[in-house]
Each structure stands twice: as structure tokens, then as C-alpha cells.
Amino acid sequence: MKGLLIKDYKLMLGQKSFLGMAALMAVLYLIIYKDPIVAVVFITVMCTMFTVSTLSYDEYENGMAYLFTLPISRNTYVLEKYAFALVNCIVTGVIMYAMAYGSIKVRGLAISQSDMYSGLAGACFVSIIMISYMIPLYIKFGIEKSRIVSVSGMAAIFLILYLGIKISKEQNGSILKIISRAEKLSDGIVILLIFAVSVILICISVVCAMKAMKKREF
């Protein structure tokens, strides 16, 4: 797995335009927006999703077939992608948190420490949702087909959420009541819930990705 991680980080460091754009956007967000949490979420998700790009690089010119001639199992390959994504998520999140904290102090913004922690937790949670959804799709369908499937799937999710909220309003707002109750929970409980849900999502996603990888032919 160590060799795969080194390979992916060399790929990432080779994308100077991507890293430069991410750094520029981070600085601009922190300067322009009054709420630096937006920058924390956006840049963390952006850098975490680079994991998906490494899948396309691996498949380029039958690269995947070559990788599996090496002493690397398919399960190890899948686990490495999640490890790469989670390390990116945590490292980028911590860096963006530090930058956002510095921006708050310099600009004198009235944002509490608990809001910052919640923002960081939210950034990591959104990143985990995205990789849990995207990695199995890309492994199962390949790069081209997975783009269509992922967009269709996200559209379906948004449609279900919209219909759920609409139906809830017509039935005395049961879903909205649950959301309002959740907002009253302490930050510690919310972070623990996010952690628990994240672990469950990752586990389900890893199992799905491993099954999809076993069925792929290269």
C-alpha cells in the first residue's frame, strides 16, 4: 500500500495547476467571504475528490493491467484509494482550519470556536459522503460511464430530498421538526454522530468497491 500511496502523491504533486488553483481559491475565499467556513468546506472537498482523478490516471493506457502484474491485490488497491482520500481530507481540513482561524483573527470576524469546529467536521463529512459515493461508481463503471451515473444519482438524491421536504410540509413538517431538534444538540454529540455515520458510510462503500473491483477485467 505504501508504494501506491507514494504513486498517488507523486501524481498529485505533479498537478501544479490544480494545487495552484486550490491555493489561490483558498486565499480568495478567505479574503472575500465574511464566513471563512465556506473556504474550509469547499477546498477540503475539492482536494479530497482528487482521489477520483487518480483512478482515471491509473486506467490510462492500460495502466491498471500493469499495476496488477505487481504484488498488489485488488483489495489493497481499493483500501489505498480510501486511505489516500481520508489523508487528503484530514490534512487539507486541518490546513484550511488554521488558515481560516488566522483570517478570523486578522479580520476581526465574530465567529466562535464551536462554529469553526462544526465547519471542519462538516467539511470532512461532506468529503466522506462524496468519496463513499464516487469511488465504487468509478471502479464499477469506469471513468466515462460513471460520470453519467453519478450525475443521474445525485439528481435523484436531490429530487428525493425535495419531495421529502415538500411532503413533510404537507404533513405538519415532521422532517423539519426532526431537523430543528437536531440543531439543538450539542457540538460534541453532533461531531460524534458525524463520526459514526462516516465510519458506516466508509465501511459500506469499501465493501461495494471491493466487490466491483473483483468483477472488473483489465
Side-chain angles (χ1 to χ4, degrees), residues 1-30 39-100 102 120 123-147 149-150 198-199 201-203 205-218:
M1 185 181 290
K2 181 181 176 182
L4 291 172
L5 284 170
I6 292 171
K7 171 189 70 67
D8 283 346
Y9 275 109
K10 284 190 174 182
L11 278 174
M12 190 174 188
L13 292 173
Q15 300 298 309
K16 294 181 176 62
S17 58
F18 170 80
L19 295 173
M21 183 178 67
L24 179 62
M25 291 180 71
V27 172
L28 288 175
Y29 270 114
L30 293 173
V40 176
V41 175
F42 183 80
I43 302 300
T44 302
V45 173
M46 181 179 172
C47 290
T48 304
M49 289 303 294
F50 183 81
T51 305
V52 176
S53 298
T54 64
L55 288 166
S56 64
Y57 283 117
D58 289 345
E59 288 193 3
Y60 182 68
E61 292 187 348
N62 295 319
M64 201 77 82
Y66 170 74
L67 275 176
F68 291 124
T69 62
L70 302 173
I72 299 168
S73 69
R74 296 190 177 213
N75 285 350
T76 300
Y77 177 84
V78 171
L79 289 173
E80 184 273 336
K81 291 302 175 188
Y82 286 92
F84 179 70
L86 290 173
V87 170
N88 279 353
C89 176
I90 294 168
V91 172
T92 307
V94 170
I95 291 171
M96 286 307 303
Y97 177 88
M99 291 175 67
L120 178 59
C124 293
F125 186 54
V126 172
S127 298
I128 287 169
I129 290 173
M130 293 299 292
I131 60 171
S132 297
Y133 176 62
M134 297 297 292
I135 291 177
L137 279 182
Y138 271 64
I139 290 175
K140 182 174 178 60
F141 296 105
I143 300 303
E144 297 301 326
K145 289 183 180 179
S146 62
R147 288 172 183 167
V149 175
S150 63
S198 297
V199 170
L201 284 175
I202 288 290
C203 290
S205 181
V206 168
V207 171
C208 293
M210 284 182 173
K211 287 183 178 179
M213 180 57 80
K214 285 179 181 178
K215 294 178 182 177
R216 287 290 302 273
E217 294 181 2
F218 304 105

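If you read the sequence from its start, that first residue is 1, and numbering goes on from there. Nothing here was measured: the structure is a model prediction, and the numbers come from that model.
- What you find for S205 and S132 is that their closest heavy atoms are OG-O, 2.8 Å.
- Atom CD1 in I90 sits 12.0 Å away from atom CD1 in I95 (nearest 0.5 Å).
- Within 6.0 Å of NZ on K7 lie more than 12 heavy atoms contributed by other residues, nucleotides or ligands.
- Closest approach of R74 to M213, counting heavy atoms only: NH1-O, 2.5 Å.
- Using a 4.5 Å cut-off on side-chain heavy atoms (C-beta onward), L201 and F125 make contact.
- Between F68 and Y77, the ring planes lie perpendicular to each other; the angle is over 60°, past the 30° to 60° tilted range.
- Counting heavy atoms from C-beta on, the side chains of M130 and T48 never come closer than 4.5 Å.
- Here the side chains of L4 and L67 are in contact, with some heavy-atom distance below 4.5 Å.
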Open item on the list: side chain to side chain contact (heavy atoms under 4.5 Å, CB included), that's the test. Do L120 and M96 meet it? Break it down for me.
Closed with: CA-CA 9 Å; L120 178 59; M96 286 307 303; over 6 Å; no
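- Between M99 and V40, the closest side-chain pair of non-hydrogen atoms is not below 4.5 Å.
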Open item on the list: Evaluate N88 against M49 for side chain to side chain contact (heavy atoms under 4.5 Å, CB included), listing each step before the verdict.
Closed with: CA-CA 9 Å; N88 279 353; M49 289 303 294; over 6 Å; no
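- Heavy-atom minimum distance, T44 versus C89: CG2-O, 3.6 Å.
- Using a 4.5 Å heavy-atom threshold, the side chains of L11 and Q15 count as separate.
- The two atoms that bring I131 and P136 nearest to each other are O-CD, 3.8 Å, heavy atoms only.
- Of the inter-residue distances, the one linking F50 atom CZ with M12 atom CE reads 6.0 Å to the nearest 0.5 angstrom.
- The NZ atom of K10 lies 7.0 Å from the CD1 atom of I6; values are rounded to the nearest 0.5 Å.
- Atom-to-atom distance recorded for Y138:OH and D58:CG is 13.5 Å, nearest 0.5 angstrom.
- The distance from the CD1 atom of I202 to the CD1 atom of I129 is 10.5 Å, given to the nearest 0.5 Å.
- Residues T54 and E80 form no side-chain contact, since every pair of their non-hydrogen atoms from C-beta on lies 4.5 Å or further apart.
- For Y97, the side chain to side chain donor-acceptor pair (under 3.5 Å) partners two or more places apart in sequence, or in a different chain, are Q113.
- Residues I135 and T51 share a closest heavy-atom pair of CD1-CG2, 4.1 Å.
- In this structure, the side chain of T76 does not engage the main chain of I72 through any donor-acceptor pair within 3.5 Å.
- Counting heavy atoms of neighbouring residues, nucleotides and ligands inside a 6.0 Å radius, atom OH of Y9 exceeds 12 of them.
- When every heavy atom of V45 is checked against every heavy atom of A123, the shortest pair comes out as CG2-O, 4.0 Å.
- The OH atom of Y133 sits 12.5 Å away from the SG atom of C208 when rounded to the nearest 0.5 Å.
- Between M210 and L79, the closest side-chain pair of non-hydrogen atoms falls below 4.5 Å.
- You'll find the side chain of L86 reaches within 4.5 Å of the side chain of I128, heavy atoms only.
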